[in-house]
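Here the structure is laid out as C-alpha cells; the discussion comes afterwards.
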Amino acid sequence: MMRAPDTQIARPGLMAWLNSDAPASRFQARMIQLYLGWLKLRGNPLALIGFLIIVALVLMAIFAPWLATAEPSAQDLGQRLLPPGSAGHLLGTDELGRDIWSRIVYGSRITLLIVALVAVTAPVFGLLVGTLAGYLGGWVDEVLMRVTDIFLAFPKLILALAFVAALGAGIENAILAISLTAWPPYARIARAETLTIRNADYIAAIRLQGAGALHIITRHVWPMCLSSLIVRVTLDMAGIILTAAGLGFLGLGAQPPMPEWGAMISAGRKFVLDQWWVATMPGLAIFTVSLGFNLLGDGLRDILDPKKSKS
Amino acid sequence: MTPPLFKLARALAATLLSVLLTIIGLLFVTFLIGRVMPVDPVLAIVGERASQEMYEAAYRSLGLDQPLYVQFWIFLKSVAAGDFGMSTLTARPVAEDVLRVFPATLELATLATIIGVCFGVPMGVISAVHEGRWPDHLVRLFGLFGYSMPVFWIGLMGLLVFYGILGWVGGPGRLDIYYEDIIPPVTGMILIDSLIAGDMTIFWNAVSHIILPASILGYYSLAYISRMTRSFMLEQLSQEYITTARVKGLSERAVIWRHALGNVMIPLITVVALSYATLLEGSVLTEVIFAWPGIGQYITNALLSADLNAVLGGTVVVGLVFILLNLLSDLLYKIVDPRAR
C-alpha cells in the first residue's frame, strides 16, 4: 500500500511538504522553489494569461490531429474562399479551399518548432561565448566581445534575410538565420553575470579545492546565468515568432504547402479587401501567441528578477 | 590642452576606433554572405550565352581568381570609393539606386519617430506617475500589444479598414498614380518637396498615403519609447531631489514634467536614436505591404531576384546608417551629460 515514502508524505500534506522551510532533499527544495514561483505567477493575472496561452499552444500542437477538422493541405476548389462559419469550416477556407482552422492548428507545430529550435541554439551559443569571455578575460574577452558587437550592430531582419538568401529559402535555414542573429544579447548578459560571479568568495573557495576552469564554468557559472537568460529568452520569443513569420511572409521561410502562419498571411494578402478572413485569422494566431510570450516574459521578469523590474 | 578636454578627445578616439572596427566587421560579414550566395556574379555580368573566354576574362576582371583576402581588399576599396557595382535588376549603379530610394525610407521613419516620441513620452510619464494603478496597466498593455503584432499583418488590416472600408487614407504607394513625377525632386522626400514647390494638393495627397504606414511604425516606436520613459521616470521619481522639490512647495506638475522629465531627457536621446535606427532598417515588411519604394523594398526585391550587388550594397548602407546613428547618440550623450565623460 505504502510503497513510496514520498506519497506517504504527499497524501496527508502535499501543501505541508511544499511549504516546509527545511527541505529534506534537493528535489524537495527545487519543488518548493517551483511552487513559490507558481504562487507569484498566480498573483500576476497578466502573466498567468500569458502562461495559459502558451500552454494552450502546446496542447494545440500535441493534439493537432484531433483538433483539426480537415487535412491541413487537402484542397477542394469547389469550396474555395468560404467565409467563416460555413458548414464544416469554422474559420472559412482559403484560395485553394483548404480549411483555415485546421491549417492554423497544424501551423502551431511549426511555430513551436521554430521557437524551440531557436531557444535551444541561440542562448546556448551566447552562454558559451559570454561565459568564456567573462571568465577568461584578457584578449579572449576583447576578441569575443568585438565579434558580438559587430553582430549587434547589424540590422537583424536584413541580416536574417541575407543569410536566408545565401543559404536558400526554407524553414531550416530560416531557423538557422534567426539563431545567427539572436545570440549576441545572450552573450552580453552571460558575460555580465560571469563577471559578477567570477570574483565571488565561493568561487575562490572552490578554486582552492582544486576545481578547474571547466568545472567552475559548467557547474557554478552557468547555473547562475540561467535565470536572467530564461527571462530574456521568454521576452525574445515574441520577436523570434514575428521574425519567422516575416520571413515566411516574404516567401523565404517555410515553403508551401506547409501551413506556416506568416506564409498564410502572404497568400491571403491578394484577397484582403474582399475575403478578409484569409489573412486575418493566421495574423490573429501570431498575435495571440506572441502576446502570450510577452505577458509571460514580463511576469517572469518580475518573479525572477525583482530588483530590475522596480527600477 | 586642458586635461578634461584631453580626456574627451581620447574617449572620442577610442569610440571612433571601435566604430571603425565594427564597420570593417560589417563589411567582412557582408562580403562572406556574398561569397556563399548561390549566385554566379560572372554569369550575371556576361549572361548565359557568353563564350568560355569571355567568362574567364570577366572572372579575372572581378578578381575571383585571387585569394579570399585579396578579394576582400578589393571589395573594401570599391566600397570606400562608393562603388557597389551594377544592379542586374535595374541596370544602374547600386549606389545611385540606394540614394534614390533612401529618402522614402527616411521620410517614413522620421514621421514614425515623431509620432512615437509625441505619444510615447507622455504615456511613459503617466504610466510612471500612476505606477501599479490602472493608467499604468493600460499603457503597459497597449505597449505589449504593439510588441506582439506582426507589422505586415497590422499593415494589411489597416489597409483593409481605413482604405478598403472607410476610405479615409490613400492606398499603397507614396502618391495617387496621377500625381506621380510632377514634383521636381529636391530632397527626395515628397512631403518636403511638395511644400517647396508650393503644391498643397500633392502635399495632402502624400499625407494621406504616409499617415497609415507612419502610424503603424510609430506604434512600434511608441511601445518601446513609453516603456523606457516609464522605467527612467520611476528611477528619477524615487530620488531625493524630487522630495526636496516637493517639500519646497513646487506644484506636482512642475516636479514631474520639469524636474523629473528634464533629467530623463538625456537617456531618452539614446533610446530615441536606437528606435530611429531600428525603424530605418526594420521598415522592410511595412514597405513591402504599402508598396513604399524605400530601401527595405529595394533589398527585398533584390533578394527575390538574386541581384547580388544590390543586396550587398543595400545591406552595407543600412548597416552603416545603423552604426552611425548609434555613434551619434553616443556622442550626443557625452556632450549633453557631463557625467558621461
Contacting moiety of [X], where chain B heavy atoms sit under 4.5 Å:
X: R146(A); value: side chain
X: L46(A); value: side chain
X: D298(A); value: side chain

| E142(A) CD: over 12 foreign heavy atoms closer than 6.0 Å | no
| said: For Y163(B), I'd like to know if atom OH has over 12 heavy atoms of other residues, nucleotides or ligands within 6.0 Å. | reply: no
| request: Spell out, as yes or no, whether a donor-acceptor pair under 3.5 Å connects the side chain of S329(B) to the backbone of A273(B). | output: no
| Counting heavy-atom pairs under 4.5 Å to chain B, which of D274(A), L152(A), L250(A), D149(A) comes out on top? | L250(A)
| field | chain B interface, residue from T243(A), L284(A), I241(A) that has the most non-hydrogen pairs under 4.5 Å | value | L284(A)
Who among [options] has the most heavy-atom pairs with chain A under 4.5 Å?
options: G314(B), S18(B), G164(B); answer: S18(B)
options: F152(B), F322(B), Y147(B); answer: F152(B)
options: V161(B), I323(B), T30(B), I289(B); answer: I289(B)
options: V288(B), I154(B), N326(B); answer: V288(B)
options: R140(B), M157(B), H137(B); answer: M157(B)
options: V321(B), L21(B), L156(B); answer: L156(B)

Taking side chain as everything from C-beta outward and backbone as N, CA, C, O, which of these in [X] sits under 4.5 Å from a heavy atom of chain A? Side chain, backbone, both or neither.
X: L160(B); result: both
X: T22(B); result: both
X: F28(B); result: neither

| field | Side chains of T300(B) and L285(B) in contact at under 4.5 Å (non-hydrogen atoms) | value | no
| query | Do F151(A) and T181(A) come close enough that some side-chain heavy atom pair is under 4.5 Å? | reply | no
| message | Could you check whether S87(B) and D307(B), counting side-chain N and O atoms only, form a donor-acceptor pair closer than 3.5 Å? | response | yes
| message | Suppose we call two aromatic rings close when their centres sit under 6.0 Å apart. Are Y298(B) and F102(B) close by that rule? | response | no
| query | Does the pair L159(B) and V272(A) meet the rule for a side-chain contact (heavy atoms from CB on, under 4.5 Å), with working shown? | reply | CA-CA 9 Å; L159(B) 274 179; V272(A) 71; 5.8 Å; no
| message | For F31(B) and F75(B), take the angle between the two ring planes, folded into 0 to 90°, and tell me which bin it lands in: parallel under 30, tilted 30 to 60, perpendicular over 60. | response | tilted
